[in-house]
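Taking it in order: structure first as structure tokens, then the write-up.
Just so it is clear, the structure is predicted and the values come from calculations on it, not from any experiment. Basis for what follows: all heavy atoms, side chains included, without hydrogens, waters or symmetry-related copies.
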Amino acid sequence: MEAPRPAEPAPQAPVAQEPARPDQTRVAMLVPLTGPAASAGQGLLNAGQMAVFDVAQEDFILQPYDTKGTAAGAREAASRAVAEGAQLILGPLFAESVRAIAPQAQAANVKIVSFSTDTTVSGNGIYVMGLLLTEQAQALVSFARTQGLERFAVLAPASDYGRAMATAFRDAAGQAGAQVTAVEYYSPGGPPDEAVKRLAQAGGFQALLVPERAQKLREVAAMLPFHGIRPEQTQVLGTLLWADDRDLGREPALVGAWYPAPSPQSRDYFTTRFREAYGTEPPAIASLGYDAAALAAVLASRSQDATPFDDGDLTNANGFMGVDGLFRLERGGLVDRTFAIMRVTPNGTELIAPAPDAFTPRVGS
């Protein structure tokens, strides 16, 4: 039997809705459907509709609202959503938009499950679903420690992302009883030679994290053996930036490198279904739309009362299985995820450590 296909995408300009009936569960999705980030927003919405088709009951309503990618647009969208009976808000995408709608949502006692990766917006009924740098770093360090590695270095772009990833990696190493012995930065738009040279002179590390992507990653990797950092002696590590790059193995210095990624089986299945339904590749962030909408639909179907989205429901200790693997929301508003570990091969990648299929019990639970 052919797999069921999700419904067609919703129009980009949703019309006003009738007030929610008592027998309905109404969930708002606030995403940019116009403006520079419209493609990401439409991908999130399309994926959310797939989840509704897959797991929601007939009385579950997923209603999209266009934030236009701005804080002002998000405030207007949140006002409409609350007025039209939303019991939960999925989104927005950007941290400034999450901050903008927080007072409205909190005043209405409506929880927010945002797509942001900015941990500073979490708490007080706001959860972040994004793939956090801390989770990536912890997964990578944890696996590396099982392989006997305990001294690390970081070679990163001098960007907000690069510095944040270096900090997350240093913290993860410290928590795991390891250490980061050297950190070097290079200009994102300039040659990395001097930074690589300084790192090679520092020495003393067994593994090197390179949080970079695409052509710049290849440029940086090619410099490593030139300055004496050889992959057969130093384990190269990456981040989720590597996950959608099918050509990593074309650079010899990256063959054998490790990086964390969502479970490849579920991600590949999601990508195939999305492509068949909408005729395009899903944006990398689209899986968050599916997982957030599926989470809401599952909680609504399980609930025996009119409030299926309180903190206790959202922070189920066992978590939920999503496109990006097992995840659970914590009471502080952060997301806890499990990741697989992939290894770069000359012809692609291979799974070397599957994602855990259960969380460790919370302290005190």
Using the rule given for side-chain contact (heavy atoms from CB on, under 4.5 Å), can you reason through Asp311 versus Tyr127, listing the C-alpha separation, both sets of side-chain angles and the distance that settles it, and then say yes or no? CA-CA 10 Å; Asp311 289 317; Tyr127 299 88; 2.4 Å; yes
Can you list the steps and then say if Asp291 with Phe320 is a side-chain contact (heavy atoms from CB on, under 4.5 Å)? CA-CA 9 Å; Asp291 286 356; Phe320 306 88; over 6 Å; no
Mind running side-chain contact (heavy atoms from CB on, under 4.5 Å) on Met129 and Leu329 for me, showing each step along the way? CA-CA 8 Å; Met129 277 281 290; Leu329 300 175; 4.2 Å; yes
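Counting heavy atoms from C-beta outward, Arg328 and Asn318 have side chains that stay 4.5 Å or more apart. Between Leu93 and Val31, the closest side-chain pair of non-hydrogen atoms is not below 4.5 Å.
Relative to the ring axis of Phe205, Arg151 does not place its NZ or CZ within 45° and under 6.0 Å from the centre.
Between Glu184 and Arg198 there is a salt bridge, since a side-chain N of the basic residue sits under 4.0 Å from a carboxylate O of the acidic one. With respect to the salt-bridge test (charged N to carboxylate O, under 4.0 angstrom), the residues Arg273 and Glu276 do not qualify. Salt bridge absent: Lys111 and Asp313 never bring a charged side-chain N and a carboxylate O closer than 4.0 Å. Ion pairing between Glu194 and Lys197 holds under the 4.0 Å rule for side-chain N and carboxylate O.
Note that CG of Leu90 and CG of Leu88 are 5.0 Å apart. Values are rounded to the nearest 0.5 Å.
Counting non-hydrogen atoms of neighbouring residues, nucleotides and ligands closer than 6.0 angstrom, the CG atom of Asp247 exceeds 12 such neighbours. Residue Asn109 qualifies as open at atom CG: its count of foreign heavy atoms under 6.0 Å is 12 or below.
Glu219 and Tyr186 form no side-chain donor-acceptor contact under 3.5 Å, judged by distance and modelled atom types alone. Side-chain N/O atoms of Gln175 and Asp171 include no donor and acceptor closer than 3.5 Å. Of the N and O atoms on the side chains of Asp118 and Ser116, not one donor lies less than 3.5 Å from an acceptor on the other residue. For the residue pair Tyr278 and Gln42, no side-chain donor N or O sits within less than 3.5 Å of a side-chain acceptor on the partner.
Ring geometry, Trp258 versus Phe143: the interplanar angle exceeds 60°, so the pair is classed perpendicular (tilted spans 30 to 60°). By the 30° and 60° cut-offs, the orientation of the rings of Trp242 relative to Tyr259 is tilted.
Test Asp268, Leu240, Thr338 against Pro262 for side-chain contact (heavy atoms from CB on, under 4.5 Å) and you get one pass: Leu240.
Every side chain to side chain contact (heavy atoms under 4.5 Å, CB included) that Ala284 has, sequence neighbours left out, goes to Asp244, Arg267.
Closest heavy-atom contact between Leu155 and Val220: CD2-CG1, 3.5 Å.
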